[in-house]
Amino acid sequence: MAEKLGTPAYLTDTPDLIEASWFEAKGLVGVTAGASAPEELVNQIIDKIKALGASDVEEVLGREENMFFEVPRELQIKQVD
């Protein structure tokens, strides 16, 4: 979405792939993650950005979603009575 609005965006699976050049002349950086991203990985990425010079981190909570997905019938475990 950021790129559609003209803002550079980068996808990374590990903090080791983050490049310092991504942050040159940037005043504000946003980090987002999917629900399946481990919190520890997100924290490692934030730590890497801090190590590259970020001075302040602010958590902005998004919209809470209350979606429920049924397990497909073929994957459900049948209980024995």
Side-chain angles (χ1 to χ4, degrees):
M1 172 171 284
E3 288 182 333
K4 288 182 181 181
L5 298 172
T7 302
Y10 305 94
L11 177 64
T12 184
D13 292 326
T14 174
D16 298 332
L17 299 176
I18 296 172
E19 299 178 24
S21 63
W22 297 354
F23 306 99
E24 292 174 0
K26 303 295 186 285
L28 186 64
V29 174
V31 175
T32 63
S36 63
E39 186 174 352
E40 179 62 25
L41 175 60
V42 175
N43 289 332
Q44 289 172 0
I45 288 173
I46 291 170
D47 288 343
K48 173 71 177 217
I49 294 169
K50 288 165 120 177
L52 292 171
S55 59
D56 188 28
V57 175
E58 178 183 346
E59 182 176 0
V60 179
L61 299 177
R63 179 180 50 160
E64 184 175 331
E65 296 181 2
N66 295 315
M67 299 185 78
F68 178 76
F69 297 95
E70 288 283 343
V71 175
R73 197 171 291 227
E74 56 272 8
L75 297 177
Q76 292 180 5
I77 298 173
K78 293 181 183 177
Q79 295 183 358
V80 179
D81 294 328

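Listed by chain and residue number, A9 satisfy the side chain to side chain contact (heavy atoms under 4.5 Å, CB included) test with E3 (two or more places apart in sequence, or in another chain).
In the hydrophobic clustering, V71 connects to L75, either directly or through intervening members, whenever side-chain heavy atoms lie under 4.5 Å apart. Summarising the hydrophobic clusters (Ile, Leu, Val, Met, Phe, Trp, Tyr; side-chain heavy atoms under 4.5 Å, direct or chained), the residues clustered with M67 are F69.
Contacts classified as side-chain hydrogen bond (donor to acceptor under 3.5 Å, both in side chains) and involving residues 14-25 (residues at least two apart or in different chains) are not found. The side-chain hydrogen bond (donor to acceptor under 3.5 Å, both in side chains) analysis of residues 30-43, with sequence neighbours excluded, yields the pairs E40-Q44.
Linking Ile, Leu, Val, Met, Phe, Trp and Tyr whenever their side-chain heavy atoms come within less than 4.5 Å puts I45 and Y10 in one cluster.
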Side-chain donor-acceptor pairs under 3.5 Å in residues 46-58, sequence neighbours left out?
none

